[in-house]
Number of protein chains: 2
Amino acid sequence: MALSDAILVCLTERPMSGYDLAKYFDTSIGFFWHATHPQIYRELKKLGQRGHVVSDEEIQSGKPNRIVYCVTDAGRQALLEWSRKPVAPAVIKDDLLVRLQAIEHIDKRALRQQITARLAAHREQLAQYHHIRDVRFSDGEPEPGDLGKLMGLELGMEYENGWINWCKNALARLEPAGD
Amino acid sequence: MALSDAILVCLTERPMSGYDLAKYFDTSIGFFWHATHPQIYRELKKLGQRGHVVSDEEIQSGKPNRIVYCVTDAGRQALLEWSRKPVAPAVIKDDLLVRLQAIEHIDKRALRQQITARLAAHREQLAQYHHIRDVRFSDGEPEPGDLGKLMGLELGMEYENGWINWCKNALARLEPAGD
DNA sequence: TACCTATATGTGTCAATACACATATACTTA
DNA sequence: TAAGTATATGTGTATTGACACATATAGGTA
């Protein structure tokens, strides 16, 4: 049920279409809660039925019309109530860590390649976070409404840095092995 | 499809029953890949049908009989093949980070309480990792088969430490606010 | 005696998620 | 000209996952 809340969170930022939301999930909130576009479109319909969002069709020529969604007062109330419920513990699902548990039964060369790829991915993600921080939060103290986003970025950076350190150590430890 | 691989990974450690696996998932591999007991029992049946595990019923008096599962050569082969496929990117799903994005529209007092609870949970998890390291890896260099487990622990510690730092900073930043 | 916990294995069912497919148009690139 | 990309909204379906319920026994506790 938390995807609906994540969508409401996005729509407090500004009214958006399903397409906008899908892109937003790919570049922003999706770092912490992933969603695909069919999921988003279906959830938007449910939110409309509950009265938490209202839609408005934007006529476009050539391209398909956009259906833009906006949070209602009831939606804002739902958001507030959700924020008072205890947070679910963070879920980690990581293939790589699972493989590590059976290190003697797997292909070690493949493992090294996978950690190398992971290292690159985490570096890229960190660079992206830095880029977002530089363009959005370059000038001193953030506005009150942006504080949470900055804090989210900072956690992301902490997370990526942790992974980068770990990958480097892991490669150093695995490299000497012959196979 | 990756739960079956996680189970195979566990069974390379030693033969286990579904009940054993469920407990193992709660205290070990489950840090990186969560599973409930009905999921595990169903998956074990599928693994049996594929010939990746064989089962052996242990007759017990009083208590229900245990069905102990053991990896076959085909299972070990499947594990090896799985280890050569590229790893799926780690999935993060975190309610708290989502809430942070709408900081102006949520209950800030509840948020502070939630971060405080999170901090305690991460400290507890870190302590648990330290405990496991102390009892399992106290004596210098680990055996080759245990290296991956130690590395997994180290990543877990890095992760928990990152969260603990972040929570402390976050509370310091949110505390001064009046509401 | 009644309840709780641990051991041990399941079924039934609903919600969440992933992923392929479907449709329509305009613009850019090879 | 053909193919690919971007815009925009969906459907259909299979897999995964969560959670309540079901059953059976032994031992400890209130």
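Quick note: numbers below take in every heavy atom, side chains included, and nothing from hydrogens, waters or symmetry partners. Below, chains carry the letters A, B, ... as their sequence lines are ordered, and counting in each starts from 1.
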(message) Minimum heavy-atom separation for B:V98 and A:V9, please, with both atom names.
(response) O-CG1, 3.7 Å
(message) I'd like to know if B:V68 and B:V53 are part of one continuous hydrophobic network [Ile/Leu/Val/Met/Phe/Trp/Tyr, side-chain heavy atoms within less than 4.5 Å].
(response) no
(message) How many whole angstroms separate atom CD1 of A:I59 from atom P of C:dT25?
(response) 17 Å
(request) Indicate yes or no: does B:R136 engage B:E143 in a salt bridge with an N to O separation below 4.0 Å. (result) no
(request) Spell out protein contact along nucleotides 4-13 of chain C as letters: B when the base is contacted, S when just the sugar-phosphate is, - when no protein heavy atom is under 4.0 Å; keep the 5' to 3' order. (result) --SBBBBBBB
(request) Tell me whether A:I67 is reachable from A:L11 by hopping between hydrophobic residues (I, L, V, M, F, W, Y) whose side-chain heavy atoms are closer than 4.5 Å. (result) yes
(request) Kindly state which residues belonging to residues 79-92 of chain A come within less than 4.0 angstrom of DNA chain D, counting heavy atoms of the residue only, listed by number. (result) none
(message) Connecting only ILVMFWY residues whose side-chain heavy atoms lie within less than 4.5 Å of each other, what is the rest of B:Y19's hydrophobic cluster?
(response) B:Y41
(message) Parallel, tilted or perpendicular, judged at 30° and 60°: which one describes the rings of A:H122 and A:W163?
(response) parallel
(request) Scan side-chain atoms only and decide if B:Q113 and B:T116 contain a donor-acceptor pair under the 3.5 Å cut-off. (result) no
(message) Nearest whole Å is fine: how far is D:dC19 C1' from B:H34 NE2?
(response) 12 Å
(request) Can you tell me the distance, in whole Å, between the CG atom of B:L3 and the C1' atom of D:dA14? (result) 17 Å
(message) What is the distance, to the nearest angstrom, from the CD atom on A:Q39 to the C1' atom on C:dA15?
(response) 11 Å
(message) Is any side-chain heavy atom of B:L21 closer than 4.5 Å to one of B:H37?
(response) no
